[in-house]
Amino acid sequence: MELNAKQIADILEGTIEGDADVKVNNFSKIEEGKPGTLTFLANLKYINYIYDTKASIALVDKDFKGEKELPPSLTLIRVENTYAALAILLKMVENKKVRKQGVHPKAFVCESTTIGHQEIYIGPLAYIGENVSLGENVSIYPQAYIGDNVSIGDNTIIYSGAKIYDNCSIGKNCIIHAGAVIGSDGFGFVMENGKYNKISQIGNVVIEDDVEIGANTTIDRAVIDSTIIHKGVKLDNLVMIAHNVEVGEHTAMAAQVGISGSTKVGSYCMLGGQVGLAGHIKIGNKVNIGAQSGIVSNIGDDRNIIGSPAIDVKNFFRSSIVFPKLPDMYKEIAQLHKEIELLKKK
């Protein structure tokens, strides 16, 4: 898809500095910019690359101020938010791709399945169970498994090898990546007579609209009722959500987050990689939790925390300055203790 600077600026409601007619047909990272490509500066850690880039167009924030002279071949487009503007352009390219359509003859679709009429795609070796409801423009890629009584909303994509167990519900405009498992049994057992007996998990998983679930992420079905992922949630690869968990709207979790059973996470939260949440706790709204943190108790709204056990970010960084000094401090305290004991004896 070829566009000139003026066309791009019009799409993004940006302003041009340079040649409005210069054309691009691809994207490039700013450190690897090539002629005929569009690059971007969203992180000032990479600012030095913009002075040498060979890219033809660069997206920058409207308040960007160069410290050195920019290449004469570079045209700037200033926008409100560089990364958001880039996302718009990438989405345009994605939408230009030809979408696969039709039900492959080697897919297995039960006769009781209800299928939308517009642009349905079901790939080879996909399995669609009894009484499944598929909305319009749904895409189900090869070797995906859709269990009985599952409903999938309009424009949702289920990638290869994803598994959705019986009775689960997937909303509109969702993306379920390869290898994700939705609705597997929660980890429920009771010790009786020296052995673990399984507690049947008879609930389901409800995923609302505009949710994206990363590759090999697992979301367990509830013991009873539902494990709920509310609208707009974004889960990275290798996230584990246990039974009866509820995740609030527009919360995002990085890879290897683990959430124990019956925990409630609020809306607009951000969880860094490898965060672990204990069971039966409540995390408020707009809580940011740093990577590798361990949370064992309730957290109120609007908190920024990190560590295990987690504490406020400012306190954590103050404490982190002290951590390397602890061995020397221990020696000093031990020496002071000896001196005090000698003074007592005197």
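Residue numbers start at 1 and run along the sequence shown. Side-chain atoms are counted along with the backbone in the values below, which use heavy atoms only and exclude waters and symmetry mates.
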Considering only heavy atoms from C-beta outward, does the side chain of [X] approach that of [Y] to under 4.5 Å?
X    : Y    : value
C168 : R221 : yes
I199 : Q201 : yes
L277 : V245 : no
F64  : R78  : yes
E119 : E136 : no
I283 : T251 : no
C110 : Y127 : yes
I289 : V257 : no

Problem set entry | Single hit among N288, I295, N315 for side chain to side chain contact (heavy atoms under 4.5 Å, CB included) with I305 |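 Only match with I305 under side chain to side chain contact (heavy atoms under 4.5 Å, CB included): I295.
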
Problem set entry | Residue from L271, T217, V233 passing side chain to side chain contact (heavy atoms under 4.5 Å, CB included) with M253 |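 Exactly one pass, corresponding to L271.
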
Under 4.5 Å between side-chain heavy atoms, hopping through other hydrophobics if needed: is there a path connecting [X] to [Y]?
X    : Y    : answer
L76  : L41  : yes
V239 : I176 : yes
F40  : L3   : yes
V109 : I170 : yes

Distance check, rounded to the nearest 0.5 Å: [X] atom [atom1] versus [Y] atom [atom2]?
X    : Y    : atom1 : atom2 : value
T263 : H243 : OG1   : NE2   : 9.5 Å
I213 : T218 : CD1   : OG1   : 10.0 Å
E17  : I77  : CD    : CD1   : 10.5 Å
D166 : I164 : CG    : CD1   : 11.5 Å
T156 : E212 : OG1   : CD    : 11.0 Å
I229 : I241 : CD1   : CD1   : 5.0 Å

Examine distances only and state if a side-chain atom of [X] and a backbone atom of [Y] form a donor-acceptor pair shorter than 3.5 Å.
X    : Y    : value
T75  : D19  : yes
K68  : G66  : no
S226 : G203 : no
K234 : D210 : yes
T53  : I50  : no
E13  : I11  : no
D236 : G214 : no
S73  : S56  : no
N204 : N167 : yes

Exercise. Should the ring pair F316 and F323 be called parallel, tilted or perpendicular, given that the plane angle runs from 0 to 90° and is split at 30 and 60?
Worked result: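 F316 vs F323 ring planes: perpendicular.
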
Problem set entry | Whether Y141 and Y121 hold their rings parallel, tilted or perpendicular, with breakpoints at 30° and 60° |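 Perpendicular, since the angle between the ring planes exceeds 60°.
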
Is the count of non-hydrogen atoms from other residues, nucleotides or ligands lying under 6.0 Å from [X] atom [atom1] greater than 12?
X    : atom1 : answer
K286 : NZ    : no
Q335 : CD    : yes
E2   : CD    : yes
E80  : CD    : no
F187 : CZ    : no
K172 : NZ    : no

For this session: May I ask you to list the residues sharing a hydrophobic cluster with V296, side-chain cutoff 4.5 Å, ordered by chain and number?
Result: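 For V296, no cluster forms, as it stays isolated from other hydrophobic side chains.
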
What closest approach, in Å, do [X] and [Y] show between heavy atoms, and which atom pair accounts for it?
X    : Y    : answer
S308 : Q292 : CB-O, 4.3 Å
V205 : D220 : CG2-O, 3.5 Å
S293 : A310 : CB-CB, 4.5 Å
G123 : A107 : O-CB, 3.3 Å
C174 : E208 : SG-O, 3.1 Å
A126 : I140 : CB-CG2, 4.2 Å

Exercise. Could you go step by step and tell me if N244 and T227 meet the side-chain hydrogen bond (donor to acceptor under 3.5 Å, both in side chains) rule?
Worked result: CA-CA 4 Å; N244 292 94; T227 301; 5.4 Å; no

Exercise. Hey, mind stepping through Q143 and S160 against side-chain hydrogen bond (donor to acceptor under 3.5 Å, both in side chains) and telling me if it holds?
Worked result: CA-CA 5 Å; Q143 297 184 324; S160 299; over 6 Å; no

Problem set entry | Listed once per pair and sorted, the side-chain hydrogen bond (donor to acceptor under 3.5 Å, both in side chains) pairs that draw on residues 30-51, sequence neighbours left out |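 Sorted result for residues 30-51: S28-T37.
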
Exercise. Judged by modelled atom types alone, do N155 and N137 share a side-chain donor-acceptor pair under 3.5 Å?
Worked result: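 A pair is found: one side chain offers a donor N or O, the other an acceptor, under 3.5 Å apart.
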
Problem set entry | N216 vs N237, side-chain hydrogen bond (donor to acceptor under 3.5 Å, both in side chains): CA-CA, chis, key distance, verdict | CA-CA 6 Å; N216 295 321; N237 305 330; over 6 Å; no

For this session: Before giving the answer on side chain to side chain contact (heavy atoms under 4.5 Å, CB included), spell out for I122 and I115 the whole-Å C-alpha distance, their side-chain angles and the decisive distance to 0.1 Å.
Result: CA-CA 10 Å; I122 302 177; I115 299 178; 4.3 Å; yes

Throw together a table of side-chain donor-acceptor distances under 3.5 angstrom for residues 82-93, partners on residues two or more places apart or in other chains.
from : atom 1 : to  : atom 2 : distance (Å)
T82  : OG1    : D61 : N      : 3.0
T82  : OG1    : D61 : OD1    : 2.6

For this session: Before accepting this row, confirm whether a basic side-chain N of the pair D312/R303 lies closer than 4.0 Å to the acidic partner's carboxylate O.
Result: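 A salt bridge links D312 with R303.
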
Exercise. Between S267 and H250, is a side chain to side chain contact (heavy atoms under 4.5 Å, CB included) present by the stated rule, with each step listed?
Worked result: CA-CA 6 Å; S267 300; H250 304 291; over 6 Å; no

For this session: Show your reasoning for whether side chain to side chain contact (heavy atoms under 4.5 Å, CB included) applies to I146 and T113.
Result: CA-CA 11 Å; I146 312 298; T113 293; over 6 Å; no

Problem set entry | CA sep, side-chain torsions, deciding dist, call: N131, D148, side-chain hydrogen bond (donor to acceptor under 3.5 Å, both in side chains) | CA-CA 6 Å; N131 301 312; D148 296 344; over 6 Å; no

